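Chain identifiers are assigned alphabetically (A, B, ...) following the order of the sequence lines, protein sequences preceding nucleic acid strands; residue numbering begins at 1 within each chain. Nothing here was measured: the structure is a model prediction, and the numbers come from that model.
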Amino acid sequence: MELKAQAVSILKDAIQKIGFGVKDSELYFETSSHADLASRAAFRLASLHRQNPTYIASRIVSAVKIPDGSYIEEVDSSGPYINFHAGRHYLNRTIATILEEKKKFGCGAQKNTIILEHTSANPNGSLHVGHIRNSIIGDTLARILKRAGYNVEVQYYVNDMGRQIAVVSWACEHFELDRSKKPDAAIADIYIKANTELNKNSEYVTEIDVLMKNVEAGDIKTIERFDKAVALAIAGIKATLLRLNVAHDKFVNESRFLKSGAVKDIIERIKATGRTKIDNGAVVVNLSDYGFEKTLVIQRSNGTSLYTTRDLAYHEWKIEQADRVIDVLGADHKLISGQLRATLNAIGIKEPEIVIFEFVSLPEGSMSTRSGQFISADDLFDRVIEAALKQVNTRRPETSDDFKKEVSEMVGIGAVRYDIVKVSPEKSTVFNWKAALDFEKQGAPYIQYSYARACSILKKAKEDATWEFSFETNPSLLVEDSEINLIKKMAMFDHIIYLGALELKPHVLAIYARELADAFNQFYHFIPVISAEDEKVKAARLALVDCARIVLANSLDTLGIAAPESM
RNA sequence: GGGCGCGUGGCCUAGCCCGGAUAUGGCACCAGCCUCCUAAGCUGUGAAUCGGGGGUUCAAAUCCCUUCGCGCCCGCCA
């Protein structure tokens with residue numbers, strides 16, 4: 001990050017010196033295999049001033065003045081490109097900073113407050129592999145934002161009074177809950193049964209309507225029944241999320257906004273904008289000036305509120321407590337979240353930032369809790385951990401059962417998290433058991449393995465009685481290609497965090513972590529550390545290994561993936 | 001029918017917002033590497049009409065138009 005800031009300043013000075021003006025956004029910096037940082041500014045200036053870009057680039061380069069102590073060692077041009085090369089000072093500073101900051105390396109300055117909502121699956125059953133894409137993207141995003149310096153509170157919005165919950169509550173009255181099962185799975189079973197009954201018998205549907213009316217009217221008995229069903233499902237969902245290493249700071253019930261009068265209040269304010277009309281007894285909002293053909297229903301003809309209405313109140317409540325509000329939502333929420341934003345805007349409330357991810361489907365079609373067509377997250381975890389255990393058994397047969405269990409959980413869950421977070425959210429995916437259970441690829445285990453290797457070297461070095469740790473580390477002795485590549489890759493960590501936080505794209509960190517592991521594995525292969533010929537070189541390399549261990553650990557931590565010291 | 005997203009070697013995928021140096025990486029395939037810090041590793045080979053067609057530009061995977069395929073949405077569900 002600091003490297004880029006210095007390059008920007010050097011380039012701007014040089015461009016000014018040759019008599020051109022340029023905005024920061026016109027410097028066109030990019031990473032390149034030809035340099036540590038490259039600029040395409042000459043192309044821009046060429047079209048602006050009708051001159052040959054190569055000529056401009058060479059003029060800029062000859063006007064470049066590198067200040068003393070700069071991270072940049074050399075600036076040259078290659079055709080129209082202006083290439084910046086980092087120097088020794090940059091490499092040494094990187095090593096020193098990592099050793100000094102350790103876990104804090106890559107953290108940004110203190111920033112403002114964010115409330116981030118993710119998962120928020122209806123408590124009508126278990127989390128399935130579609131939901132956990134939401135959880136993993138949301139949780140990773142929260143971790144990235146925290147490292148970037150934001151104060152992040154993570155929330156789960158609990159639908160505790162919608163139609164689907166009424167169905168669950170109804171199901172609890174009509175079917176026996178299987179107490180031997182995990183509570184969310186037991187709820188899913190009766191929810192599926194109830195839906196089949198409901199489809200067969202329309203009388204039952206009116207029973208559901210009555211339940212919903214009662215809840216809205218504040219009927220204590222019905223509310224208690226709803227609460228009981230919701231609590232069971234949420235307990236199971238929390239347990240599943242815990243296995244995934246995902247935790248929420250707050251679970252916010254929808255019903256509180258009805259009880260508090262916030263829902264009623266917000267409906268009145270929307271009415272006051274003059275956008276509403278009564279359509280067949282229901283209150284609808286006209287958002288055509290925001291580009292929405294369809295009106296948004298905020299109150300049913302029977303007077304009850306909808307999910308959307310309560311969600312409006314929830315968002316107002318959130319933005320009162322934070323500077324930014326971020327929601328991670330599935331692609332099915334695209335339209336409704338756009339309408340929600342428009343409505344909030346219409347009544348002068350700051351809109352949330354929405355992160356949309358596309359669907360995970362099964363080879364036989366899309367997943368559905370209602371029809372029972374889904375692969376539960378717990379099933380996936382069980383099978384993936386089992387597959388990991390097989391691997392540990394063949395690779396480390398000499399280790400204890402506890403070790404094997406611990407490592408297979410770290411590897412299995414890590415693999416799930418990585419596989420999901422590595423692909424950009426806008427890509428829809430098809431779940432595939434074979435791919436999910438396959439560890440023979442550059443996924444989480446690859447990164448974890450690199451970390452374990454680094455730990456192993458450091459452990460061996462410490463065990464070596466003849467070796468003194470008192471040697472001063474001189475990073476200038478790290479001159480091999482693979483050493484320099486590794487240092488440069490580590491130096492980019494803060495920029496990756498910044499980028500991920502700026503664009504709200506967690507997959508950039510996943511890709512970075514794999515590249516970092518790549519750089520470390522290459523170093524590991526080519527450069528001896530413990531058996532290094534020279535004691536001072538050995539000390540410098542051990543410091544480098546320690547740095548790699550730290551940055552790999554920080555990357556894994558930000559990805560929410562466990563880092564095993566041995567595997 | 002309308003709206004949004006996606007389409008990159010056999011399979012998965014980066015890059016697209018902000019057009020520029022030989023299009024990223026993996027899986028699978030093939031060929032090497034363990035008397036040496038964990039081979040869940042390293043090195044190398046082959047494999048691509050960037051869905052198709054137009055356009056803008058000195059320059060298009062990237063921008064615009066069009067067309068095809070896939071997904072999602074278009075409920076007084078969430």
Side-chain angles (χ1 to χ4, degrees), chain A residues 25-26 28-30 32-35 38 40 42-44 46-47 53 78-81 83 120-122 124 159 162-165 167 254 279-284 291-294 297-308 311 330-336 338 356-359 361 366 370 388 391-392 394-396 411 415 419 422-430 432 435 438-450 452-461 464 503 507-508 511 514-515 517-518 520-522 524-532 541-542 545 566-567:
Chain A
S25 62
E26 292 173 336
Y28 298 120
F29 273 101
E30 60 186 11
S32 156
S33 54
H34 306 271
R40 286 180 276 120
F43 281 115
R44 174 73 188 152
S47 65
S78 165
Y81 295 90
N83 290 330
S120 301
N122 283 331
N124 57 3
N159 170 4
R163 169 159 238 111
Q164 297 176 36
I165 305 315
V167 172
E254 261 186 54
D279 184 0
N280 288 322
V283 179
V284 299
F292 296 101
E293 301 263 328
K294 299 266 174 184
V297 180
I298 54 171
Q299 190 174 62
R300 293 191 182 95
S301 50
N302 67 8
T304 57
S305 64
L306 291 95
Y307 166 86
T308 321
D311 208 18
D332 52 341
H333 283 66
K334 258 186 246 184
L335 175 65
I336 194 72
I356 294 285
F357 67 94
E358 291 289 329
F359 267 45
S361 57
S366 57
R370 188 177 317 191
Q391 294 287 333
V392 184
T394 55
R395 292 168 199 273
R396 303 293 299 277
V411 167
D419 278 348
K422 75 176 177 189
V423 341
S424 17
E426 65 268 18
K427 227 99 164 175
S428 53
T429 61
V430 177
N432 176 327
D438 180 14
F439 302 121
E440 302 291 322
K441 54 185 178 179
Q442 287 192 334
Y446 177 80
I447 303 159
Q448 291 171 317
Y449 186 63
S450 306
R453 276 179 148 178
C455 291
S456 171
I457 293 177
L458 294 166
K459 187 163 166 254
K460 279 243 161 64
D464 182 356
E503 300 188 344
H507 78 281
V508 299
I511 287 158
R514 195 208 62 221
E515 287 172 355
D518 250 338
F520 180 74
N521 279 328
Q522 278 161 30
Y524 181 94
H525 182 76
F526 289 111
I527 309 295
V529 177
I530 292 177
S531 57
R541 286 180 184 165
L542 278 170
V545 172
S566 172
M567 64 185 271

>> Between B/C18 and B/C6, how far apart are the two P atoms, rounded to whole Å?
In response: 14 Å

>> Distance check, C1' atoms only: B/G26 and B/C42, in whole angstrom units.
In response: 15 Å

>> Please report the distance separating the C1' of B/A39 from the corresponding atom of B/C33, rounded so that it comes out in whole Å.
In response: 9 Å

> With a non-hydrogen cut-off below 4.0 angstrom, is A/V545 in contact with a base, only sugar-phosphate, or nothing?
Replying inline: nothing

> How is A/V283 classified with respect to the nucleic acid when contacts are heavy atoms under 4.0 Å: base, sugar-phosphate, or nothing?
Replying inline: nothing

>> Does A/E503 reach a base, just sugar-phosphate, or nothing at all? Heavy atoms under 4.0 Å.
In response: base

> In chain order, what residues pass the ring pair (Phe, Tyr, Trp, His ring centres under 6.0 Å) check against A/Y446, with sequence neighbours excluded?
Replying inline: none

> In the 5'-to-3' direction, what one-character label does each nucleotide of nucleotides 25-35 of chain B receive under the scheme B = base within less than 4.0 Å of a protein heavy atom, S = sugar-phosphate only, - = no such atom?
Replying inline: SSS--------

> Would one find more than 12 heavy atoms of other residues, nucleotides or ligands at under 6.0 Å from atom CD of A/E293?
Replying inline: no

>> Which residues pass the ring pair (Phe, Tyr, Trp, His ring centres under 6.0 Å) test with A/F520, not counting sequence neighbours?
In response: A/F523

> Watson-Crick or G-U wobble partner for B/C27, using a 3.5 Å limit on both distances?
Replying inline: B/G10

Contact list (N/O, under 3.5 angstrom) for nucleotides 20-23 of chain B vs protein:
residue	atom	partner	partner atom	Å
B/G20	O3'	A/Y81	OH	3.2
B/G20	O2'	A/Y81	OH	2.5
B/A21	O4'	A/Y81	OH	3.4
B/A21	N6	A/S32	OG	3.3
B/A21	N6	A/N83	OD1	3.0
B/A21	N1	A/N83	OD1	3.4
B/A21	N1	A/N83	ND2	3.2
B/U22	O4	A/H34	NE2	3.2

>> Students often get this wrong, so: under 4.0 angstrom with heavy atoms, is A/S456 touching a base, only sugar-phosphate, or nothing?
In response: base

> Applying a 3.5 Å limit to both distances, which nucleotide forms a Watson-Crick or G-U wobble pair with B/C4?
Replying inline: B/G71

> Whom does B/A47 pair with, Watson-Crick or G-U wobble, provided both distances fall under 3.5 Å?
Replying inline: none

> With nearest nucleotides of RNA chain B determined for A/E515 and A/A452 from heavy-atom distances, which residue corresponds to the more 5′ nucleotide?
Replying inline: A/E515

>> Counting primed atoms plus P, OP1 and OP2 as sugar-phosphate and everything else as base, spell out the protein contacts along nucleotides 71-78 of chain B at 4.0 Å heavy-atom distance: B, S or - for each nucleotide, 5' to 3'.
In response: BSSSSBBB

> Which atoms form the tightest heavy-atom contact between A/P53 and A/P80, and what is the distance?
Replying inline: CB-CB, 3.8 Å

>> Give me the distance, rounded to whole Å, that separates B/U43 from B/A21 when you measure between the C1' atoms they each carry.
In response: 26 Å

> B/G41 P sits how many Å from A/F526 CZ, rounded?
Replying inline: 15 Å

>> Applying side-chain contact (heavy atoms from CB on, under 4.5 Å) to A/T308 and A/V297, what does each step give before you reach the verdict?
In response: CA-CA 8 Å; A/T308 321; A/V297 180; over 6 Å; no

> Does any N or O in the side chain of A/R300 come within less than 3.5 Å of the main-chain N or O of A/L306, such that one atom is a donor and the other an acceptor?
Replying inline: no

>> Classify A/S566 by what it touches in the nucleic acid, base, sugar-phosphate, or nothing, heavy-atom distance under 4.0 Å.
In response: base

Polar atom pairs between nucleotides 63-65 of chain B and protein, under 3.5 Å, N or O only, would you list them?
none

>> Check this one for me: any side-chain N or O of A/N521 less than 4.0 Å away from OP1 or OP2 of B/G41?
In response: no

> Shortest non-hydrogen contact from A/P425 to A/H507?
Replying inline: CD-ND1, 4.1 Å

> At under 4.0 Å between heavy atoms, what does A/I447 touch on the DNA or RNA strands: base, sugar-phosphate, or nothing?
Replying inline: nothing

>> Measuring only the P atom in each nucleotide, how far is B/A60 from B/A23? A whole number of Å is fine.
In response: 14 Å

>> Using the C1' atom as the point on both nucleotides, what is the distance between B/U8 and B/G15, in whole Å?
In response: 10 Å

> Expressed as a whole number of Å, how far does the C1' atom of B/U56 sit from that of B/U62?
Replying inline: 14 Å

>> Taking any heavy-atom pair under 4.0 Å as a contact, classify A/R395: base, sugar-phosphate, or nothing.
In response: base

